[in-house]
There are 2 protein chains.
Amino acid sequence: MRRVRARRGEGAQLREELLSAAEELLAEAGTEEALTLRAVAARAGVSTPAVYLHFADKEALVEAVCMRVWGELGRLFRDNLGGDPWPAMGRCARAYIRFALDHPVQYRVLMMRPSASPGVPPAAAEAFGHMVDAVSACMETGVVEGDPAEVALGLWSALHGCASLMIAQPSFPWPDREALIDRVVRVAGFGTALYSRLPRDLPPSEELAARFDALGAELAAGEGQSSP
Amino acid sequence: MRRVRARRGEGAQLREELLSAAEELLAEAGTEEALTLRAVAARAGVSTPAVYLHFADKEALVEAVCMRVWGELGRLFRDNLGGDPWPAMGRCARAYIRFALDHPVQYRVLMMRPSASPGVPPAAAEAFGHMVDAVSACMETGVVEGDPAEVALGLWSALHGCASLMIAQPSFPWPDREALIDRVVRVAGFGTALYSRLPRDLPPSEELAARFDALGAELAAGEGQSSP
DNA sequence: ACCGTCAGGTTAACGGTGTCAACCTGAGCG
DNA sequence: CGCTCAGGTTGACACCGTTAACCTGACGGT
């Protein structure tokens, strides 16, 4: 059980082992309460205070775990970019929600924890940058307008809302998971596309409904394969 | 400091005092870590294990606090219902986000905590029911279609995503708060209105952009006062 | 070949937490 | 008056994050 002491100059390798141990604990226990300094150290085969050789406190360890998760999310986005922009954004969005639902504990500590250190961490900025890229690409085709960062934040909000609500309140009357993902992605996309085009003061409800009906009917006439 | 012992048959009044103490602690400290059984008991002028006379464990106390918050949210919805449905839904949505941002700690323990007990708590169901009502009213005017509960869940997801992201990740490049609220509410509304009207397979991006442009131009011609 | 240094840990302890078993106490009844 | 039992209190336990003090053995210098 006891880990063999690292050789000189290789002390930093314990840091990685601690992080891996922490991720394993999270994944296995399914609760962040299982993420104890004592448990992490024990799993790494090391005494508890040894954690403090590489992390200032527990918060620093958790934040390091979060950076790893941000890295995974960023990689996920990068792999889904490319090709026709509108479907690419759809793929990114779907991948995001699926990641969140497949790794609920990691996602929870990532997003639902009061960020102690101020400023956007680099790994998070990179992941967010990829999402901004996806949105920017959509703008070049003309289907979405506005400030890319702002639109990306709005889309992120929608995705995060769906994912985190499903994770935190599983007992709500959720519809089928894939259907909901589909719905959220399309609602966010359509809404964003329309937002910048509509005037600030809208016509009364009946008028509005009629216009939406007209657009729907018109679009139903032509068919294609671009499905965000 | 010491609370006078309750008279016979009025032991339940300590329960309310404990809940109030817990809410005060949460609001004053601004961190859920301040919600300690010892601190709650001390503020209520009572010894720590006295909490166990009314709550099975700490989790039960926290859940009871959540029920109070759900109640406030439900009341907020109820007060904003009525009148023209589309603007009413907008008011509800704005009130929701403002409540979340004005009570970040309470909102965090409400929504970002793994719900221990299974099933939807009654207070939550009531609050959600009000939102379903708002959506249903919008459907009767014809501006939104689909299953009311499902649409309400989608709207809730959007609101929650915006609120919780702003709370949990304040260091992101957020735009002006009111502008963002406005954006999210309208995006969710427009997106939902369009979702059920558009075919599953969409035309290519340029075609899509042209149609959206046309709708925007057409709506810009008429002006009204209905602004969700 | 020896030795001192210091990176890479360990042991022991402290204060704070949730929780439980055991004990107390005094208001209200007969 | 005396009994009872609702409404608490005391004391203790295991576990948590965190710190100070100590150990140890691989390496560079001689």
Side-chain angles (χ1 to χ4, degrees), chain A residues 1-22 24-26 28-66 105 109 113-114 116-117, chain B residues 1-22 25-26 28-66 105 109 113-117:
Chain A
M1 270 304 149
R2 197 100 128 214
R3 191 184 92 111
V4 289
R5 178 172 164 174
R7 297 201 311 208
R8 283 221 175 176
E10 298 178 5
Q13 98 185 49
L14 174 58
R15 185 190 154 92
E16 294 308 308
E17 296 182 30
L18 287 171
L19 284 178
S20 297
E24 289 174 28
L25 277 176
L26 271 184
E28 290 174 13
T31 317
E32 50 203 296
E33 298 169 20
L35 193 59
T36 309
L37 286 195
R38 288 173 149 86
V40 170
R43 176 169 284 246
V46 117
S47 77
T48 310
V51 176
Y52 290 89
L53 295 175
H54 298 284
F55 302 97
D57 51 7
K58 184 185 179 179
E59 174 64 25
L61 196 168
V62 173
E63 200 146 304
V65 171
C66 286
V105 204
V109 309
R113 181 189 49 104
S117 65
Chain B
M1 269 304 148
R2 199 100 128 211
R3 193 184 90 113
V4 290
R5 177 171 164 173
R7 297 200 311 209
R8 284 222 176 175
E10 300 177 5
Q13 99 184 49
L14 175 57
R15 184 191 154 93
E16 294 307 309
E17 296 182 31
L18 287 171
L19 283 178
S20 298
L25 278 174
L26 230 45
E28 290 174 10
T31 316
E32 50 203 297
E33 298 170 19
L35 193 59
T36 307
L37 285 195
R38 288 173 150 87
V40 171
R43 177 169 284 245
V46 116
S47 77
T48 310
V51 176
Y52 288 89
L53 295 175
H54 298 283
F55 302 97
D57 51 7
K58 184 185 179 180
E59 174 63 24
L61 197 169
V62 173
E63 200 145 303
V65 171
C66 286
V105 204
V109 310
R113 182 187 49 103
S115 71
S117 66

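Naming convention: chains lettered A, B, ... in sequence-line order (proteins, then strands); numbering from 1 in each chain.
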Requested in this report: Could you tell me the separation between the CG atom of B:L53 and the P atom of D:dT10, rounded to a whole number of Å?
Outcome: 14 Å

Query raised in the report: So which nucleotide from C:dG18, C:dG9, D:dT9 ends up closest to the side chain of B:A50?
Result: D:dT9

Query raised in the report: Which value, rounded to the nearest 0.5 Å, describes the distance between A:F55 atom CZ and A:L18 atom CG?
Result: 6.0 Å

Report task. Check the distance between D:dG8's C1' and B:R3's CZ and give it to me in whole angstrom. Result -> 9 Å

**Report entry** Over all atoms of both residues, closest heavy-atom pair of B:A41 and B:V51
**Finding:** CB-CG2, 4.1 Å

Requested in this report: Look at all strands and tell whether B:S47 reaches a base, only sugar-phosphate, or nothing, counting heavy atoms closer than 4.0 Å.
Outcome: base

Report summary line: Separation between SG (A:C66) and CD (A:E59), nearest 0.5 Å, reads 8.0 Å

Report summary line: From CD of A:E33 across to P of D:dG17 the rounded distance in Å is 12 Å

Detail all sub-3.5 Å separations between protein N/O atoms and N/O atoms belonging to nucleotides 23-27 of chain D.
residue: D:dT24; atom: O2; partner: A:R5; partner atom: NH1; Å: 2.9
residue: D:dT24; atom: O2; partner: A:R5; partner atom: NH2; Å: 3.3
residue: D:dG25; atom: N2; partner: A:R8; partner atom: NH2; Å: 3.4
residue: D:dA26; atom: N3; partner: A:R8; partner atom: NH2; Å: 3.4

Report summary line: Hits for side-chain contact (heavy atoms from CB on, under 4.5 Å) against B:Q13, two or more places apart or cross-chain, chain-then-number order -> B:R3, B:A6, B:E10, B:E17

Requested in this report: Specify the residues of residues 37-45 of chain B, ordered by number, for which at least one heavy atom lies under 4.0 angstrom from an atom of DNA chain C.
Outcome: B:L37, B:R38

**Report entry** Separation of D:dC15 C1' from A:K58 NZ (nearest whole Å)
**Finding:** 12 Å

Query raised in the report: For B:Y52 and A:H54, take the nucleotide of DNA chain C holding the closest heavy atom to each; which residue's nucleotide lies nearer the 5' end?
Result: A:H54

Query raised in the report: Hey, what do you get for CZ (B:R15) to CG (B:L61), rounding to the nearest 0.5 Å?
Result: 8.5 Å

Report summary line: Closest non-hydrogen contact found for B:A44 with B:A21 is N-CB, 4.4 Å

Report task. Over all heavy atoms of both residues, which pair between A:V105 and A:E32 is shortest? Give the atoms and the distance, please. Result -> CG1-N, 3.9 Å

Query raised in the report: Atom CG of B:L25 and atom OG1 of B:T31: how far apart are they, to the nearest 0.5 Å?
Result: 11.0 Å

Query raised in the report: Which part of the nucleic acid, if any, lies within contact of A:E10, taking any heavy atom under 4.0 Å across all strands shown: a base, the sugar-phosphate backbone alone, or nothing?
Result: sugar-phosphate

Report task. Could you name each residue pair satisfying side-chain hydrogen bond (donor to acceptor under 3.5 Å, both in side chains) that touches residues 37-56 of chain A, not counting sequence neighbours? Result -> A:E24-A:R43, A:E28-A:R43

Report task. Give me the residues of residues 59-66 of chain B where at least one heavy atom lies under 4.0 Å from an atom of DNA chain C, by number, or none. Result -> none

Grab the N/O contacts between the protein and nucleotides 28-30 of chain D below 3.5 Å, and write none if there aren't any.
none

Query raised in the report: Nearest-Å distance, CZ (B:R2) to C1' (D:dG8)?
Result: 10 Å

Query - Minimum-distance pair of heavy atoms, taken over all atoms of A:A56 and A:A60 - result: N-CB, 3.8 Å

